[in-house]
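Working notes for the structure below.
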Amino acid sequence: MLYGKEHVERYQQTGGAEGHDWNGTTVLLLTTRGRNSGRPYTTPLIYQPHDSDYVIVASKGGDPNDPDWYANLQADPEVEVQVKADRFKARARTATDEEKPELWGLMTRTWPDYDDYQQKTDRPIPVVVLERIT
């Protein structure tokens, strides 16, 4: 099973032919710029399309701290996304309180463990909307 750096490399090498479909769900690649280093960091994340956007979850498996990629996009919301062979720039934003229930439901239908992750932590797990920049 692909995971971490190997997952990113195989996804990039194959245009998502390997790595997009993962454990019964779908994965995109998110590249953020390090908030301290300025270096690009690419992370494979479960996603779902929603209207013309893509939705991801900053769960970190229910860890008490947000994942680094989420802190990076808060510092610089302009990110790069790869969905299969489609690579594009996007603007990332945290879902509003009004949007979150619908988007959380969308994501837990594809990955039910998100509900378990939320039970493991006191922090509200952010849902992130990736809006393509045209």
Side-chain angles (χ1 to χ4, degrees):
M1 175 180 10
L2 293 174
Y3 184 77
K5 185 177 179 184
E6 180 189 3
H7 194 153
V8 170
E9 289 171 355
R10 296 296 297 150
Y11 198 117
Q12 289 171 330
Q13 290 167 356
T14 66
E18 292 182 42
H20 176 266
D21 298 335
W22 180 83
N23 278 7
T25 189
T26 53
V27 171
L28 59 69
L29 298 182
L30 176 73
T31 302
T32 59
R33 189 128 330 256
R35 61 198 176 283
N36 298 318
S37 69
R39 293 181 22 221
Y41 292 95
T42 302
T43 308
L45 296 165
I46 294 169
Y47 81 94
Q48 284 292 289
H50 183 263
D51 298 328
S52 60
D53 302 325
Y54 294 99
V55 179
I56 55 176
V57 176
S59 68
K60 199 175 180 183
D63 192 270
N65 299 306
D66 288 326
D68 287 340
W69 63 260
Y70 183 71
N72 288 344
L73 68 79
Q74 287 185 301
D76 181 1
E78 294 218 1
V79 298
E80 293 180 18
V81 178
Q82 182 175 344
V83 177
K84 295 186 179 177
D86 184 19
R87 296 179 184 193
F88 57 93
K89 293 194 180 301
R91 185 166 292 106
R93 65 175 180 81
T94 303
T96 66
D97 291 342
E98 293 77 26
E99 293 173 305
K100 187 173 179 180
E102 176 190 355
L103 299 178
W104 183 263
L106 173 70
M107 295 308 293
T108 57
R109 284 190 294 280
T110 194
W111 195 254
D113 288 351
Y114 286 135
D115 281 329
D116 296 333
Y117 301 161
Q118 185 59 81
Q119 295 301 313
K120 289 170 50 176
T121 185
D122 291 332
R123 73 178 169 94
I125 293 177
V127 175
V128 176
V129 179
L130 302 171
E131 301 171 334
R132 184 186 294 259
I133 298 172
T134 54

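Just so it is clear, the model here is predicted, and its values are computed rather than measured.
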Using 0.5 Å steps for rounding, measure from the [atom1] atom of [X] to the [atom2] atom of [Y].
{"X": "Leu106", "Y": "Thr110", "atom1": "CG", "atom2": "OG1", "answer": "8.0 Å"}
{"X": "Thr32", "Y": "Leu73", "atom1": "OG1", "atom2": "CG", "answer": "7.0 Å"}
{"X": "Arg93", "Y": "Glu99", "atom1": "CZ", "atom2": "CD", "answer": "4.0 Å"}
{"X": "Thr42", "Y": "Gln12", "atom1": "OG1", "atom2": "CD", "answer": "5.5 Å"}
{"X": "Thr31", "Y": "Gln82", "atom1": "OG1", "atom2": "CD", "answer": "8.0 Å"}
{"X": "Glu80", "Y": "Leu29", "atom1": "CD", "atom2": "CG", "answer": "11.0 Å"}

Looking at Arg10, Gln13, His7, which hits side chain to side chain donor-acceptor pair (under 3.5 Å) with Glu18? Arg10

Taking atom NZ of Lys100 as the centre, report whether more than 12 heavy atoms of other residues, nucleotides or ligands fall under 6.0 Å from it. yes

I'd like to know whether CZ of Arg35 has more than 12 heavy-atom contacts from other residues, nucleotides or ligands below 6.0 angstrom. yes

Is any side-chain heavy atom of [X] less than 4.5 Å from a side-chain heavy atom of [Y]?
{"X": "Arg91", "Y": "Glu78", "answer": "yes"}
{"X": "Ile125", "Y": "Trp104", "answer": "yes"}
{"X": "Met107", "Y": "His50", "answer": "no"}
{"X": "Leu30", "Y": "Val81", "answer": "yes"}
{"X": "Thr26", "Y": "Asp21", "answer": "yes"}
{"X": "Trp111", "Y": "Val57", "answer": "no"}

Return the set of residues passing ring pair (Phe, Tyr, Trp, His ring centres under 6.0 Å) with Tyr41 (not counting sequence neighbours), or none when no residue passes. none

Minimum heavy-atom distance [X]-[Y], with the two atoms named:
{"X": "Thr25", "Y": "Gln48", "value": "OG1-NE2, 4.4 Å"}
{"X": "Gly62", "Y": "Thr121", "value": "O-CB, 3.2 Å"}
{"X": "Arg123", "Y": "Ala58", "value": "NH1-O, 3.1 Å"}

Quick one: does [X]'s side chain have a donor or acceptor within less than 3.5 Å of a partner on [Y]'s backbone?
{"X": "Arg132", "Y": "Tyr54", "result": "no"}
{"X": "Thr108", "Y": "Gly105", "result": "yes"}
{"X": "Gln74", "Y": "Trp69", "result": "no"}
{"X": "Tyr11", "Y": "Val27", "result": "yes"}
{"X": "Asp51", "Y": "Asp53", "result": "no"}

Are Ile46 and Tyr114 close enough, and set up right, to give a side chain to side chain contact (heavy atoms under 4.5 Å, CB included), and what steps lead you there? CA-CA 11 Å; Ile46 294 169; Tyr114 286 135; 3.5 Å; yes

Are Leu28 and Phe88 in one and the same hydrophobic cluster, where Ile, Leu, Val, Met, Phe, Trp and Tyr link if side-chain heavy atoms are under 4.5 Å apart? yes

